[in-house]
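Here the structure comes first, spelled out in structure tokens, and everything after it is commentary.
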Amino acid sequence: MIRRLVSRPTGVFAVVVLGLLVVLAVVSLFWTPQDPFRADPFHQWEAPGPAHWFGTDASGRDIASYLLAGTRTTVLVAVGSGAIASAVGIVLTAIGSLTARWVREGMAVLLDILVAFPTLLTAMLLTAIAGGSLGVVIVSVGLSFGVTIARVARGEIRRIARSDYVTAARASGVGGAGVLFRHLVPNAAPLFTVQLSLAMATAVLAEAGLSYLGYGAGSNTASWGSLLSDLQTYIGVHPWSATWPGAAIALVVAALSLLGDAVRDATDPRLTTSDRAAGDAPVTGGDRPVGARAGGATGDRTPDDPAATSTGVTA
């Protein structure tokens, strides 16, 4: 899967950017060029140079050190919010797809109502009620996007639930949890992967936006959004200063968004090897479980069929 993932330019970009982000987050636990929170009034607004790689801000803080410390916050928010959103999405999807009809209809109405509230607005509301902290931001974004995942995945899960192999599994005595985790979730994994990457990208944007507005992490936590808020006041005088946190946020969000598409193309069983490399549309072959052949069993073709004898596999 890794080979197929990096065979696409978007996959390479996402892997490189996110890999670098994780490495920098680990490095920042043990080392930063300078103390990211130390103010130095004698070195205010210094231009980028050997002493200060990205310059300093109005307080004399080293921007590079603060950005490096902020990678920990970014990784924590993305992973934490993504995990919560996935758990909430799977639970709500199961309730909305595998329960009695009146429960499914009620859940569909509830999801339609909840999904109407934007993620950032919901996160702002929860942080205003519970107070601004990194934990509140992670939970609020995870819960909010979990509803979106459930709303998007509900139709796909219901389609898979009507497949022959799911019916056969139920007839053989497999319970609801077994059907969900053995058949439904694995076959809907490409969809969940895309939604998870979008949830993580949204979480990074939401955390930066909330910190920019003063609702995010506290002053003792390094955040790219709060740094951008401090620097944007002086962007007309020192335009280079706000470039660094803005570019960092944009790169990470773009990488997370592209990662979902690349992983989907590398793992979707409805894509052939050539489709994964070329990025073509999925091959239509009806509902089938993960690992099933796209064109049926080998016995579907006769030995005289040139497509069967020349390639050795069914189309």
Side-chain angles (χ1 to χ4, degrees), residues 18 73-161 166 175-210 215-217 252-253 256-257 259-261 263-264 267:
L18 297 179
T73 303
T74 301
V75 171
L76 183 60
V77 168
V79 174
S81 298
I84 294 175
S86 298
V88 172
I90 291 176
V91 170
L92 294 181
T93 300
I95 295 175
S97 304
L98 304 177
T99 53
R101 180 176 180 179
W102 67 272
V103 178
R104 297 199 304 266
E105 292 178 352
M107 180 59 67
V109 173
L110 179 61
L111 291 177
D112 288 339
I113 294 174
L114 294 177
V115 81
F117 295 92
T119 300
L120 184 58
L121 181 61
T122 304
M124 288 180 61
L125 178 62
L126 294 178
T127 53
I129 295 174
S133 68
L134 192 60
V136 174
V137 172
I138 293 174
V139 173
S140 60
V141 174
L143 292 176
S144 179
F145 211 91
V147 174
T148 302
I149 292 178
R151 179 65 180 83
V152 173
R154 177 175 172 269
E156 179 70 6
I157 291 293
R158 291 193 64 187
R159 182 190 67 82
I160 298 174
V166 175
V179 170
L180 177 65
F181 291 105
R182 293 180 188 176
H183 300 284
L184 301 184
V185 173
N187 282 280
L191 175 63
F192 278 111
T193 300
V194 174
Q195 292 301 313
L196 177 60
S197 68
L198 291 178
M200 297 173 73
T202 302
V204 173
L205 268 181
E207 187 279 325
L210 291 172
Y215 291 95
V252 171
V253 171
L256 287 170
S257 300
L259 179 65
D261 293 335
V263 172
R264 178 202 60 195
T267 58

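In this chain, residues are counted from 1 in sequence order.
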Taking side chain as C-beta onward, heavy atoms only, is T74 less than 4.5 Å from V252?
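They are in contact (side-chain heavy atoms under 4.5 Å apart), so the answer is yes.
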Could you state the interatomic distance from [atom1] ([X]) to [atom2] ([Y]), rounded to the nearest 0.5 Å?
X: L121; Y: L126; atom1: CG; atom2: CG; value: 9.5 Å
X: S257; Y: L205; atom1: OG; atom2: CG; value: 8.0 Å
X: L92; Y: I149; atom1: CG; atom2: CD1; value: 10.0 Å
X: L198; Y: L259; atom1: CG; atom2: CG; value: 10.5 Å
X: I138; Y: L76; atom1: CD1; atom2: CG; value: 4.0 Å
X: T122; Y: F145; atom1: OG1; atom2: CZ; value: 12.0 Å

Identify the heavy atoms of [X] and [Y] that sit nearest to each other, and give their distance.
X: A199; Y: A85; value: CB-CB, 4.2 Å
X: V194; Y: G260; value: CG2-O, 3.7 Å
X: A78; Y: M200; value: O-CG, 3.4 Å

L110: which residues meet the side chain to side chain contact (heavy atoms under 4.5 Å, CB included) condition with it, sequence neighbours left out?
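With sequence neighbours excluded, L110 shows a side chain to side chain contact (heavy atoms under 4.5 Å, CB included) to M107, L114, given in chain and number order.
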Pairing residues for L210 by the side chain to side chain contact (heavy atoms under 4.5 Å, CB included) criterion, not counting sequence neighbours
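By the side chain to side chain contact (heavy atoms under 4.5 Å, CB included) rule, L210 matches L120, A123, M124, T127, V137, Y215.
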Listed by chain and number, what are the side-chain hydrogen bond (donor to acceptor under 3.5 Å, both in side chains) partners of R151, not counting sequence neighbours?
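Only D112 meet the side-chain hydrogen bond (donor to acceptor under 3.5 Å, both in side chains) criterion with R151.
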Has the side chain of S140 got a donor or acceptor atom that lies under 3.5 Å from a matching backbone atom of V136?
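Yes, the answer is positive, given that a donor and an acceptor are paired below the 3.5 Å cut-off.
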Hey, could you give me each pair passing side chain to side chain donor-acceptor pair (under 3.5 Å) that has a residue in residues 81-91? Not counting sequence neighbours.
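Every pair satisfying side chain to side chain donor-acceptor pair (under 3.5 Å) with a residue in residues 81-91: there are none.
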Applying side chain to side chain donor-acceptor pair (under 3.5 Å) as the test, list every pair that has at least one member in residues 194-209; sequence neighbours left out.
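Matches after skipping sequence neighbours: E207-S211, E207-S223.
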Residue pairs passing the salt bridge (Lys or Arg N to Asp or Glu O under 4.0 Å) test where at least one lies in residues 88-103, sequence neighbours excluded:
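Every pair satisfying salt bridge (Lys or Arg N to Asp or Glu O under 4.0 Å) with a residue in residues 88-103: R101-E105.
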Run the side chain to side chain contact (heavy atoms under 4.5 Å, CB included) test on V147 and L143 for me, step by step, so that the C-alpha distance in whole Å, both residues' side-chain angles and the decisive distance to 0.1 Å come before the verdict.
CA-CA 7 Å; V147 174; L143 292 176; over 6 Å; no
